[in-house]
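A quick write-up on the structure given underneath.
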Amino acid sequence: MRPGLARLLRRDGTEVGYGWAYLDETAKREVRRALLKAVAVPGHQVPFASREMPVARGWGSGGLQVTLSVITPDDVLKVIDQGADDSMNAAALRDLVSRTTGVRATTDAREATLIQTRHRVPEDDLHEGQVLVFQVPIADPLRVVDSRPSVTRRLHADRDYAAVWLYLYEDHARTGQSSFTHSHPVEVERGYVMSPTPIPRFDLPRLDRAPFLALFGAGREATVYAVPPYTRVEPLAFADRPFEPERFDGPCALCGAADTYLVEDDSAEEPRWVCSDTDHCRRRREAAR
Amino acid sequence: MSEVLRAEGLSVRYGPGCPACAAGLDGSACRACGSMWAIRDVSLDVEAGEVLGIVGESGSGKSTTLACLHLDLVPASGRVWLLGRDVTGVTGTARRRLRAETLGIVYQSADRSLELGVTAGGNVAARLFAAGWRSYGESRLRASELHAGMELPEERLDEPVERYSGGMRQRVQLARALATRPALLLLDEPTSGLDVSVQARILDLVRRVHRETGVAVVVVSHDLGVIRTLADRLLVMRHGRVVERGLTDQVLGDPQHPYSQLLVGSQL
């Protein structure tokens with residue numbers, strides 16, 4: 001807010017000058033239609049008319065459009081960036097959604113009904129009725145195989161995924177392991193192969209038959225896709241080269257958790273490994289006190 | 001003997017077509033409407049374990065015929081049966097499965113069937129993945145088995161094909177084509193552009209593979225030497241039509257059609 005400009009708020013706390021939830025109703029309806037199709041055909045990439053947003057494309061504009069299209073006044077919102085609620089990007093997106101809808105925001109994944117996330121699944125056990133909105137930089141898992149959408153669309157239509165298997169084969173033949181550290185392609189309900197967005201391999205098992213609804217929005221690529229609750233999500237892996245999530249040498253340096261996804265914290269004197277989910281980590285430390 | 005492949009009345013036309021097309025063409029073009037008939041009324045059949053040769057000059061429709069048999073092209077008219085099943089016009093998943101399981105193809109230019117940036121083993125394994133193989137160890141074993149069978153050096157299995165010589169690329173193509181033990185092998189000018197000694201060794205290899213696996217083969221070539229070496233029976237094509245057919249020795253020894261006579265007579 002520029003200094004000197006009075007901030008005009010409605011009685012419900014939302015900003016005057018914008019429609020409810022920022023987007024116009026036609027835009028929201030269009031995104032919802034695309035999402036309905038996406039939910040009906042799990043893992044299938046559905047095009048939508050990605051609008052200009054007040055964040056740059058590639059900075060969560062897709063996730064934001066999905067969030068703004070599905071949010072209701074009763075929702076409780078959580079926004080995370082790589083597991084953190086307080087990063088610049090997460091805070092700005094949360095602020096935008098709150099100010100144009102007036103919905104309550106939280107950092108606690110257990111009480112949130114709508115969670116917009118960049119590249120993580122919260123550590124808490126999520127439950128039915130919750131919606132996760134993933135920000136997607138590259139929607140097509142076949143991009144590594146062929147950069148032409150005209151080609152990859154046909155491959156998806158034919159369920160022709162030999163090229164992805166070849167990619168995995170080449171990894172194993174040349175280096176003895178898979179080179180997917182993130183965005184490891186998954187097969188959704190034995191049908192389409194889908195990119196789970198750059199969430200770490202650690203989070204993939206938690207998408208499988210998960211109770212929550214997962215919506216994926218790629219603003220730059222104007223694509224949405226979805227995984228409905230209790231849908232099978234299986235990482236592609238050879239029968240004799242099983243999929244392996246990341247492993248860590250020790251527990252979180254802050255809360256001592258040994259079952260969470262850790263990231264290197266280089267802001268401390270000595271580099272150390274700490275939980276990527278900051279709120280979960282904070283609650284564990286408070287409970288221990 | 002059981003029939004592996006049968007094609008009847010295949011025609012491929014580029015252009016609108018018109019009643020005058022049927023009356024007669026100037027070469028393969030219709031004077032009235034300008035349509036090109038790449039092939040016209042081509043019929044053939046291949047029994048299990050048999051090698052059928054197709055010869056003809058450039059533009060005679062050899063490769064177009066092969067493209068119809070490989071299900072790349074849907075003919076304007078005519079039908080194709082593979083292992084007794086009518087496969088005319090199949091597309092999508094059904095075509096992919098058919099190609100992966102029953103058809104193998106070797107092109108003159110290796111980059112049409114191979115990914116040059118991918119290892120030799122990977123190129124072979126890709127066929128197995130297309131046919132539903134999901135074990136790394138088994139796929140690799142089958143790929144290295146074929147690699148050795150094609151007399152390729154074992155230590156180069158994990159080398160990208162772009163570093164292979166022309167003759168070796170043809171061997172990798174052949175390994176790839178045979179990976180899923182297909183019923184029918186299609187060879188489109190498999191040795192053209194290779195030097196004579198390499199040609200001879202590739203042809204020996206094809207003969208050995210054929211003897212060992214009993215795969216039915218359709219080989220297309222403008223080189224009568226290749227056809228004489230490989231084919232049991234022969235079609236001679238010109239302007240998109242089959243002008244003569246018969247046993248290879250018979251056709252090459254005593255050609256009946258003027259064009260066949262010219263072809264045999266003009267061999268260097």
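Atom-to-atom distance recorded for Asp160(A):CG and Arg97(B):CZ is 10.5 Å, nearest 0.5 angstrom. Rounded to the nearest 0.5 Å, atoms CH2 (Trp165(A)) and OG (Ser139(B)) are 9.5 Å apart. If you take CG on Asp158(B) and OH on Tyr169(A), they are separated by 5.5 Å, rounding to the nearest 0.5 Å. How far CG of Leu166(A) is from CG of Leu128(B): 10.5 Å, rounded to the nearest 0.5 Å.
Within 6.0 Å of the CH2 atom in Trp59(A), the count of heavy atoms belonging to other residues, nucleotides or ligands does not exceed 12. More than 12 heavy-atom neighbours from other residues, nucleotides or ligands sit within 6.0 angstrom of CD on Glu155(B). Residue Asp195(B) places its CG atom among more than 12 non-hydrogen atoms of other residues, nucleotides or ligands, all under 6.0 Å distant. Annotation for Glu115(B): atom CD does not count as buried by contact number, only 12 or fewer foreign heavy atoms lying within 6.0 Å. Residue Arg134(B) places its CZ atom among more than 12 non-hydrogen atoms of other residues, nucleotides or ligands, all under 6.0 Å distant.
By number of non-hydrogen pairs under 4.5 angstrom with chain B, the leading residue of His172(A), Arg154(A), Arg174(A), Glu170(A) is Glu170(A). Chain A forms the most heavy-atom pairs under 4.5 Å with one residue out of Leu157(B), Thr119(B), Asn123(B), and that residue is Thr119(B). For the set Ala131(B), Gly121(B), Ala100(B), the entry with the most heavy-atom pairs within less than 4.5 Å of chain A is Gly121(B).
Listed here is the closest heavy atom pair of Gly137(B) and Asp240(A): N-OD2, 2.6 Å. The two residues Ala162(A) and Ala126(B) have their closest heavy-atom pair at CB-O, 3.9 Å.
A donor-acceptor pair is defined here as one N or O able to donate and one able to accept, closer than 3.5 Å; no such pair exists between the side chain of Arg140(B) and the backbone of Ala173(A). The backbone N or O of Tyr136(B) lies less than 3.5 Å from no partner atom in the side chain of Arg241(A), so there is not a single donor-acceptor pair.
Both the backbone and the side chain of Arg159(A) come within less than 4.5 Å of a heavy atom of chain B. For Ala125(B), the part lying under 4.5 angstrom from a heavy atom of chain A is the side chain only.
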